[in-house]
Amino acid sequence: MIELILIRHAHAGPYTSPDEARKLSEQGKEEAFLLAEKLRKRDMPKGVWLVSNAVRTRETFEVLSAEKGVFSEFWYHASGPDYLKEITSQKAQVIYLVAHNPSISYLASYFLGETRNMETANCVHLQWPSLSSWVEVTKGSARLIFDA
């Protein structure tokens, strides 16, 4: 079984600094803590955390997990199809991705086979119970475990 937990970063503050340096707003901090509470109530699997290197995604991740994250500017700059290619090249059975719109919504939509617009601090947990490799994944083949 493989699983993908997609998380859009929480609400960011105003554009008073370069976009990548924007921190979470007060609203965003509250959103991140509420999402963390929802995730703690679920039996979430251990997995690899892939995180955009933008400040707001790092801050969101730090509220959600005590695990070590793999930070990359790739997730900030890449398009939805690039996200898809990178995810399907992964080896881990369980992947958490903390990243940005519109690319993260593209990925959720692709795997679910329906349009999905992920709001800030939104989490979509997808599962493929009968698959063991990301290369086997096809469009619309995911099972939605929860949407928070």
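Note that the structure is a prediction, hence the values are computed from the model and not measured.
- Annotation: side chain of V124 is not in contact with side chain of F111 (no heavy-atom distance under 4.5 Å).
- Atom-to-atom distance recorded for L126:CG and L107:CG is 8.0 Å, nearest 0.5 angstrom.
- With no hydrogens or angles considered, a side-chain donor-acceptor pair links S52 and H100 at under 3.5 Å.
- Side-chain contact check for E20 versus H77: some heavy-atom pair is nearer than 4.5 Å.
- Cluster partners of V55, using a side-chain heavy-atom cutoff of under 4.5 Å among ILVMFWY residues and allowing indirect links: none.
- The CD atom of E31 sits 4.5 Å away from the CD atom of Q27 when rounded to the nearest 0.5 Å.
- Side-chain contact between S79 and D82 is present, with heavy atoms from C-beta onward closer than 4.5 Å.
- In terms of heavy-atom proximity, E3 sits nearest to P45 at OE1-CG, 3.8 Å.
- In this structure, the separation between CG on N101 and CZ on R8 is 4.0 Å, given to the nearest 0.5 Å.
- The salt bridge (Lys or Arg N to Asp or Glu O under 4.0 Å) search around R56 returns D19, not counting sequence neighbours.
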Might you work through the side-chain contact (heavy atoms from CB on, under 4.5 Å) test for I2 and I95, ending with a clear yes or no?
CA-CA 8 Å; I2 56 176; I95 299 170; over 6 Å; no

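- Taking the salt bridge (Lys or Arg N to Asp or Glu O under 4.0 Å) definition, one finds that K91 meets it with nothing, sequence neighbours left out.
- A search for side-chain hydrogen bond (donor to acceptor under 3.5 Å, both in side chains) contacts involving E67 returns K46, not counting sequence neighbours.
- For E30, the salt bridge (Lys or Arg N to Asp or Glu O under 4.0 Å) criterion is met by no residue, not counting sequence neighbours.
- Here the closest non-hydrogen pair linking R42 and K38 is CG-O, 3.4 Å.
- Two rings, from F71 and F61, have their centers less than 6.0 Å apart.
- Shown here for Y76 and A54, the closest heavy-atom pair between the two residues is CD1-CB, 3.9 Å.
- Contact detail for A108 and M118: the closest heavy-atom pair is CB-SD, 4.0 Å.
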With side-chain contact (heavy atoms from CB on, under 4.5 Å) as the test, would you mind laying out the steps for L64 and Y96 before giving the verdict?
CA-CA 11 Å; L64 299 179; Y96 289 79; over 6 Å; no

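- The two atoms that bring T57 and V51 nearest to each other are O-CG1, 3.8 Å, heavy atoms only.
- Between the CD atom of E37 and the CG atom of L35 there is a distance of 10.0 Å, given to the nearest 0.5 Å.
- For the pair S103 and W75, the minimum side-chain heavy-atom distance is 4.5 Å or more.
- Within the 4.5 Å cutoff, the side chain of V94 has heavy atoms near those of the I5 side chain.
- Side-chain atoms of I87 and L50, non-hydrogen and from C-beta on, do get closer than 4.5 Å to each other.
- For the residue pair L24 and A32, the shortest heavy atom distance occurs at CD1-CB, 4.5 Å.
- Of the inter-residue distances, the one linking M1 atom CE with L131 atom CG reads 11.0 Å to the nearest 0.5 angstrom.
- In this structure, the side chains of W49 and I7 come closer than 4.5 Å at one or more pairs of heavy atoms.
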For residues 136-148, run the donor-acceptor check on the side chains, cut-off 3.5 Å, and write out each pair with its distance to 0.1 Å, sequence neighbours left out.
unit_1, atom_1, unit_2, atom_2, d
E136, OE2, S132, N, 3.1
E136, OE2, S133, N, 2.9
S141, OG, W128, NE1, 2.8
S141, OG, T138, N, 3.3
S141, OG, T138, O, 2.5
R143, NH2, Q127, OE1, 2.8
D147, OD1, N122, ND2, 2.9
D147, OD2, R116, NH1, 2.3

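- From K29, atom NZ reaches atom CD of E59 across 7.0 Å, with rounding to the nearest 0.5 Å.
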